[in-house]
Protein chains: 2
Amino acid sequence: MDNAKKKNLEGAGWRVGSAEEFLGLTPEEAAFVEVKLALSEKLKARRTQQGMSQAQLARRLGSSQSRVAKMEAADASVTVDLLVRGLIASGASKREIGNAIGGVAPRQARTGRTRGNAA
Amino acid sequence: MDNAKKKNLEGAGWRVGSAEEFLGLTPEEAAFVEVKLALSEKLKARRTQQGMSQAQLARRLGSSQSRVAKMEAADASVTVDLLVRGLIASGASKREIGNAIGGVAPRQARTGRTRGNAA
DNA sequence: TGCGTGTATGTCAGATCGGACATAGCATCG
DNA sequence: CGATGCTATGTCCGATCTGACATACACGCA
């Protein structure tokens with residue numbers, strides 16, 4: 001799965017979700033998968049951004065490299081639970097997690113926060 | 001990690017924000033619990049707001065009333081996975097889910113978290 | 001009082017998850 | 001080339017979760 005491409009689509013008009021429907025998922029299942037995908041992407045982004053290897057993050061998580069790989073691949077055997085824990089272990093705040101799921105595009109194109117912030 | 005401990009503690013009846021530290025949770029565990037709490041609150045809010053009973057939501061979820069009760073109680077035996085599914089089943093958008101976690105209050109005052117909608 | 005409805009709590013068998021391990025693919029380096 | 005480091009995939013088996021059920025509590029009503 002190439003994240004770059006997916007992100008392009010997201011930024012453009014939203015395509016990723018349609019893949020799930022194509023697979024015969026209900027809208028609810030699709031939404032759930034989207035949540036997982038969003039979190040797995042964010043996890044990978046944070047990890048690489050911090051120059052960590054999967055093995056390092058795994059250690060921090062008390063898990064294994066293979067599991068981290070599956071997390072980032074949004075493998076079916078990975079739950080949102082684990083992804084959230086992984087994000088937290090990678091230092092993500094609740095805010096970041098929330099934004100990853102429902103937030104506006106994580107693209108850094110925008111200079112200001114969605115909402116007025118820092119004094 | 002130490003789910004047993006968490007289970008007991010949660011079962012012992014606990015309060016929202018500050019209790020984690022008192023319970024000796026690591027910051028990461030605390031953050032995770034906060035996520036769960038935020039989601040369970042949102043779930044209950046959405047359900048009642050829609051005039052649904054736990055049993056009705058359960059049916060929609062393909063689950064049972066007792067499990068929904070546990071979800072809303074943020075019981076240790078429910079995962080973020082299930083909470084997210086519950087929210088989706090209740091019609092919540094990804095955005096709403098993200099906001100519930102990441103906490104930018106959409107509209108109403110964020111202070112009355114206990115349920116203070118007694119207007 | 002008894003009944004109906006909604007919610008809370010405990011339990012359990014079966015389903016799912018997760019850490020660990022093995023293994024393979026791919027770069028990079030000496 | 002071999003060695004090292006990082007990632008991907010498949011497979012176990014013990015740990016955890018989940019739906020279902022039983023049951024209890026609360027409230028309103030006739």
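Chain A is the first sequence line, chain B the second, and so forth, proteins listed ahead of strands; every chain is numbered from 1.
- Stem analysis of DNA chain C (Watson-Crick or G-U pairs, both distances under 3.5 Å, runs of at least three) returns C:1-30 with D:1-30.
- For the pair A:S77 and C:dG18, the criterion of a side-chain N or O lying under 4.0 Å from OP1 or OP2 is not met.
- Within the nucleic acid shown, B:S64 comes within 4.0 Å of at least one base atom, counting heavy atoms only.
- In this structure, CZ of A:R85 is placed 13 Å from P of C:dC17, rounded to the nearest angstrom.
- Between B:S64 and B:A58, the shortest heavy-atom distance links the atoms C-CB, 3.3 Å.
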Q: Classify every nucleotide of nucleotides 4-14 of chain C by which part a protein heavy atom approaches to under 4.0 Å, writing B for the base, S for the sugar-phosphate alone and - for neither, in 5'-to-3' order.
A: ---BBBBB---
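- Between the A:K42 side chain and the A:I101 main chain, no donor and acceptor come within less than 3.5 Å of each other.
- Under a 3.5 Å cut-off, the side chain of A:E96 and the backbone N or O of A:S93 do form a donor-acceptor pair.
- Taking atom CZ of residue A:R60 and atom P of nucleotide C:dG19, one finds them 16 Å apart after rounding to whole Å.
- Checking side-chain atoms of B:Q50 against main-chain N and O of B:S90 turns up a donor-acceptor pair under 3.5 Å.
- The backbone N or O of B:T26 lies less than 3.5 Å from a partner atom in the side chain of B:E29, making a donor-acceptor pair.
- Nearest heavy atoms, B:L61 versus B:M71: CD1-CE, 3.5 Å.
- Computed from coordinates, the A:L61 CG to C:dG19 P distance equals 7 Å when rounded to whole Å.
- Of the residues listed (B:Q56, B:R59, B:Q54), the one engaging B:Q65 in a side-chain hydrogen bond (donor to acceptor under 3.5 Å, both in side chains) is B:Q54, and it is the only one.
- Rounding to whole angstrom units, CG of residue B:D81 and C1' of C:dG18 are separated by 13 Å.
- Of the side-chain N and O atoms in A:S63, one or more sit less than 4.0 angstrom from OP1 or OP2 of C:dG19.
- Rounded to whole Å, the distance from CG on B:L57 to C1' on D:dG19 is 14 Å.
- Summarising the geometry of B:G86 relative to B:L57, their closest heavy-atom pair is O-CD1, 4.2 Å, with the distance given to 0.1 Å.
- Contact detail for B:K70 and B:S77: the closest heavy-atom pair is CD-OG, 3.9 Å.
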